[in-house]
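The structure appears below as structure tokens.
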Amino acid sequence: QVQLVESGGGLVQAGGSLRLSCAASEGTFSTMGWFRQAPGKEREFVAAIRWGGSTYYIDSAKGRFTISRDSAKNTVYLQMNSLKPEDTAVYYCALMTHWGIATDGSLYHYWGQGTQVTVSS
């Protein structure tokens with residue numbers, strides 16, 4: 001099975017930056033995405049990147065977050081700038097196993113354990 005391990009989370013002040021990393025145990029050859037879940041909230045889509053390089057973001061992340069991947073390292077990154085308190089959540093990376101809309105979490109069947117991102121005001 002494919003294993004995903006996230007890293008890079010932490011505590012930052014509003015306006016700060018973090019770069020999350022997600023390392024896969026093997027080549028994915030598919031869409032990889034980032035999701036987040038805040039306490040008491042449902043999981044939500046954040047960003048995704050296709051094998052061909054196309055990227056997708058929730059509106060609130062556009063202009064602040066950048067998703068990228070290094071296929072040689074089987075790793076996907078999420079650069080987060082201008083962080084806001086509302087970005088506070090556990091961030092999960094995931095591998096899509098069924099082709100479809102990149103924002104559809106049900107199409108992702110491999111998930112990491114998550115990394116905590118906390119943004120203070």
Side-chain angles (χ1 to χ4, degrees):
Q1 293 189 10
V2 176
Q3 295 180 324
L4 305 175
V5 180
E6 303 98 332
S7 62
L11 173 64
V12 298
Q13 293 186 337
S17 300
L18 285 173
R19 186 180 70 172
L20 307 183
S21 298
C22 176
S25 60
E26 60 187 80
T28 59
F29 308 105
S30 185
T31 299
M32 294 188 71
W34 286 96
F35 294 76
R36 66 188 180 189
Q37 186 168 23
K41 302 292 182 62
E42 295 183 347
R43 182 187 66 194
E44 68 174 349
F45 169 83
V46 177
I49 183 167
R50 297 282 195 187
W51 174 247
S54 299
T55 58
Y56 308 85
Y57 302 90
I58 53 171
D59 288 341
S60 63
K62 294 178 180 178
R64 299 190 300 126
F65 294 4
T66 302
I67 187 171
S68 61
R69 71 191 303 165
D70 185 336
S71 297
K73 297 181 179 180
N74 298 324
T75 301
V76 63
Y77 305 93
L78 183 66
Q79 178 67 46
M80 304 186 294
N81 299 323
S82 301
L83 284 163
K84 305 174 181 179
E86 49 263 46
D87 294 317
T88 295
V90 175
Y91 284 69
Y92 301 89
C93 66
L95 170 65
M96 179 178 285
T97 54
H98 294 82
W99 185 90
I101 300 173
T103 58
D104 187 351
S106 68
L107 302 180
Y108 297 78
H109 290 173
Y110 292 97
W111 297 81
Q113 293 300 304
T115 184
Q116 177 71 50
V117 171
T118 302
V119 184
S120 62
S121 60

Gap between atom OG1 of T55 and atom CZ of R69 - 0.5 Å precision: 11.5 Å

So do W99 and S30 actually touch side chain to side chain, heavy atoms under 4.5 Å? no

Shortest non-hydrogen pair, G33 vs Y108, comes out as N-CE2, 3.7 Å

Spacing of L4 atom CG and T75 atom OG1 [to the nearest 0.5 Å]: 10.0 Å

Is it true that L107 and Y110 fall in one hydrophobic cluster, defined by side-chain heavy atoms closer than 4.5 Å? no

Tell me which donor-acceptor pairs under 3.5 Å the side chains of residues 76-84 have, and how far apart each pair is, sequence neighbours excluded?
{"residue": "Q79", "atom": "NE2", "partner": "N81", "partner atom": "OD1", "Å": "3.0"}
{"residue": "N81", "atom": "OD1", "partner": "S17", "partner atom": "OG", "Å": "2.9"}

Indicate, with yes or no, if M96 and I58 share a hydrophobic cluster defined by side-chain heavy-atom contacts under 4.5 Å among Ile, Leu, Val, Met, Phe, Trp and Tyr. yes

Nearest heavy atoms of A89 and A38, plus distance in Å: CB-N, 3.8 Å

Return yes when atom CD1 of I101 has more than 12 non-hydrogen atoms of other residues, nucleotides or ligands closer than 6.0 Å, and no otherwise. no

Starting at CD1 of I49, measure out to OH of Y57 and round the result to the nearest 0.5 Å. 7.0 Å

Counting only heavy atoms not in Q13 (residues, nucleotides, ligands), do more than 12 fall under 6.0 Å from its CD? no

List the atom pairs, with distances to 0.1 Å, where a side-chain N or O of residues 41-48 and a protein N or O form a donor-acceptor pair under 3.5 Å, not counting sequence neighbours.
{"residue": "E44", "atom": "OE2", "partner": "R36", "partner atom": "NE", "Å": "2.6"}
{"residue": "E44", "atom": "OE2", "partner": "R36", "partner atom": "NH2", "Å": "3.1"}

Report the distance from atom CD of Q1 to atom CG of L95, rounding to the nearest 0.5 Å. 11.5 Å

Evaluate the criterion side-chain contact (heavy atoms from CB on, under 4.5 Å) for residue pair S25 and V2; output intermediate values, then yes/no. CA-CA 6 Å; S25 60; V2 176; 4.2 Å; yes

Got a sec, which pairs hit disulfide (SG to SG under 2.5 Å) with one end in residues 8-121, sequence neighbours left out? C22-C93

Spatial distance of atom OH (Y92) from atom CZ (F35) [nearest 0.5 Å]: 12.5 Å

dist Y91:OH -> L18:CG (nearest 0.5 Å) comes out at 9.0 Å

Would a distance-only check, ignoring hydrogens and angles, find a side-chain to backbone donor-acceptor pair under 3.5 Å from T88 to V119? yes

Common cluster, V117/V12, ILVMFWY with side-chain heavy-atom separation under 4.5 Å: yes

Could you check whether any side-chain heavy atom of Y56 comes within less than 4.5 Å of a side-chain heavy atom of T31, counting everything from C-beta outward? no

Heavy-atom distance under 4.5 Å between the side chains of E6 and W34, does that happen here? yes

More than 12 heavy atoms of other residues, nucleotides or ligands under 6.0 Å from CD of Q113: is that the case? no

